[in-house]
Amino acid sequence: MSVGNWKYRFGSVTYDLSSRTHIMGILNVTPDSFSDGGLHFRVDDAVKRGLLMIDEGADFIDVGGESTRPGAEDVSIDEELIRVIPVIEKLSKHTHIPISIDTYKSEVAKQALEAGAVIVNDITGLQFDSHMPEVIASMNARVVLMHIQGTPKTMQENPLYKDVIEDICSYLRKSIQTAEKNNIEQLIIDPGIGFGKTLENNLEIIQRLNEFHRFHYPVLVGPSRKSFLGKILNLPANERLEGTSAAVAVSIMKGANIVRVHDVKEMKRVANVVDAIQSIHSMKMSQHDQSGNK
């Protein structure tokens, strides 16, 4: 958890994103997501899962209607809307917890925001759909700007970087400029673990995560059950809990403000422990500074 002053308003809720690690629960309303495809495809099942994650400690619920796993086929706008809008409408009536729409399509974002979402989580960082910035700005929504190399269908074919951190920062700088130009306030950035990255790229991103604070915006990371953990552990997605825990813990230590995860209850506990460790360090640093100023 990094030092900052990030009091962000999400609909009726205000969070100080610098005060502790915040948890974004993943709610995939898809038949083919890499980890939980089909589990919450029915509206009532999805809403029930969303409310359970809130009970477990989720600060946000991120609803997605299109799988962005490597090699995934595109989903039509109409199909994506059919999947996500009823879930967002029903979920928003049962909770004040901020709902995010995970989409890179402006029409899906528009209808999702009208249905009750207050955040757009755009895996392309506003760089695929030219209408997305105006939709977000007109609805006074918040946005997560993520980095991706290629598209979900092609991104893992041969990802190449000169310097993975500097190349990602160059991409994100363009996204931030687009957002700021359109008067979109209170941005969140995401380096995009697993989105056009090799195993080594993903590990380096986590190791150097604090470098993304050069932009002076909160940082979100999503290592949950990702394939790079599977490569390290030689385990399928449903057996990567411990690997996810390790990646989340190190990410928080390296500066993550928000972690996007499937296993909310477990990752909330991980975050609480790391935050406690971090707070002791911060308290001792503060005491040292105060004694030095006497």
Side-chain angles (χ1 to χ4, degrees), residues 24-47 49-50 53 58 60-92 98-133 135-136 139 141-157 159 175 188 190-197 220-227 237 260-262:
M24 178 176 280
I26 299 169
L27 184 57
N28 289 319
V29 193
T30 60
D32 58 345
S33 289
F34 80 96
S35 175
D36 56 357
L39 293 181
H40 315 116
F41 199 43
R42 291 177 60 251
V43 173
D44 288 345
D45 291 340
V47 172
R49 175 60 183 161
M53 287 193 289
F60 307 94
I61 300 296
D62 191 39
V63 179
E66 178 176 5
S67 174
T68 51
R69 62 181 171 77
E73 296 292 335
D74 293 342
V75 172
S76 71
I77 291 175
D78 287 343
E79 176 61 25
E80 194 172 344
L81 289 169
I82 288 170
R83 294 178 182 182
V84 301
I85 298 302
V87 174
I88 294 171
E89 286 178 338
K90 197 164 186 179
L91 191 58
S92 64
I99 298 171
S100 168
I101 176 64
D102 180 1
T103 189
Y104 55 88
K105 300 168 186 169
S106 60
E107 183 58 31
V108 175
K110 178 178 180 293
Q111 293 196 37
L113 293 170
E114 291 172 345
V118 295
I119 307 165
V120 176
N121 184 7
D122 184 349
I123 65 167
T124 76
L126 306 180
Q127 296 193 36
F128 279 24
D129 187 330
S130 61
H131 297 292
M132 185 68 90
V135 167
I136 295 171
M139 300 291 287
R142 305 298 176 245
V143 64
V144 177
L145 302 172
M146 199 194 81
H147 169 272
I148 185 173
Q149 186 179 100
T151 67
K153 189 173 182 179
T154 65
M155 62 188 181
Q156 290 305 115
E157 289 179 0
S175 297
I188 297 165
D190 178 354
I193 291 173
F195 286 80
K197 317 289 193 305
L220 179 151
V221 291
S224 186
R225 303 183 187 175
K226 290 284 177 70
S227 61
R260 181 179 179 272
V261 298
H262 298 85

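All heavy atoms count here, side chains included; hydrogens, waters and symmetry mates do not.
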Listed by chain and number, what are the side chain to side chain donor-acceptor pair (under 3.5 Å) partners of [X], not counting sequence neighbours?
X      : value
Asp74  : none
Lys105 : Glu66, Glu80
Gln111 : Glu107
Glu89  : none

Exercise: identify the closest heavy-atom pair between [X] and [Y]:
X      : Y      : result
Ile123 : Ile148 : O-CG2, 3.3 Å
Ser67  : Thr30  : N-CG2, 3.8 Å
Ser100 : Asp62  : OG-OD1, 2.6 Å
Ala58  : Gly25  : CB-N, 4.3 Å
Leu113 : Ala141 : CD2-CB, 3.7 Å
Ala117 : Ile88  : N-CG2, 3.6 Å

Strictly distance-based, threshold 3.5 Å: is any side-chain N or O of Arg260 a donor or acceptor partner for the main-chain N or O of Gly222?
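Not a single qualifying donor-acceptor pair exists.
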Kindly say whether His262 contributes a backbone atom to a donor-acceptor pair with the side chain of Ser224 at under 3.5 angstrom?
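Confirmed, Ser224 side chain pairs with His262 backbone.
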Holding to side-chain contact (heavy atoms from CB on, under 4.5 Å), I want the full list of residues that pass it with [X], two or more places apart in sequence or in another chain.
X      : result
Ser175 : Gln127, Leu145, Tyr171
Ala109 : Thr103, Val120, Met132, Val135
Pro86  : Val43
Ser130 : none

Checking Asp190 now: which residues fulfil salt bridge (charged side-chain N to carboxylate O under 4.0 Å, His left out) with it, not counting sequence neighbours?
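Applying salt bridge (charged side-chain N to carboxylate O under 4.0 Å, His left out) to Asp190 gives none.
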Listed by chain and number, what are the salt bridge (charged side-chain N to carboxylate O under 4.0 Å, His left out) partners of Arg142, not counting sequence neighbours?
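Here no residue qualifies.
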To the nearest 0.5 angstrom, please state how far the [atom1] atom of [X] sits from the [atom2] atom of [Y].
X      : Y      : atom1 : atom2 : answer
Arg83  : Asn28  : CZ    : CG    : 10.5 Å
Ser76  : Ile82  : OG    : CD1   : 7.0 Å
Leu91  : Met53  : CG    : CE    : 8.0 Å
Met146 : Phe195 : CE    : CZ    : 4.0 Å

If we only count heavy atoms from C-beta on, is the [X] to [Y] side-chain gap below 4.5 Å?
X      : Y      : answer
Pro191 : Val221 : yes
Asp45  : Val47  : no
Ile99  : Ile119 : no
Lys197 : Pro159 : no
Ile101 : Val84  : yes

Between Val143 and Ile188, does a side chain to side chain contact (heavy atoms under 4.5 Å, CB included) hold up when you go through it step by step?
CA-CA 6 Å; Val143 64; Ile188 297 165; over 6 Å; no
Residue pairs involving residues 111-123 (criterion salt bridge (charged side-chain N to carboxylate O under 4.0 Å, His left out); sequence neighbours excluded):
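Applying salt bridge (charged side-chain N to carboxylate O under 4.0 Å, His left out) to every pair that reaches into residues 111-123, excluding sequence neighbours, yields Lys110-Glu114.
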Between Ser106 and Asp129: side-chain donor-acceptor atoms closer than 3.5 Å
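Their side chains do contain a donor-acceptor pair, which is all the 3.5 Å distance test asks for.
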Intermediate values then yes/no, salt bridge (Lys or Arg N to Asp or Glu O under 4.0 Å), Asp44 and Arg49
CA-CA 9 Å; Asp44 288 345; Arg49 175 60 183 161; over 6 Å; no
Give the C-alpha distance, both sets of side-chain angles, the deciding distance and a yes or no for side chain to side chain contact (heavy atoms under 4.5 Å, CB included) between Ile136 and Leu126.
CA-CA 10 Å; Ile136 295 171; Leu126 306 180; 3.7 Å; yes
ring-ring contact (aromatic ring centres under 6.0 Å, His included) with Phe60: which residues, sequence neighbours excluded?
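By the ring-ring contact (aromatic ring centres under 6.0 Å, His included) rule, Phe60 matches Phe10, Tyr15.
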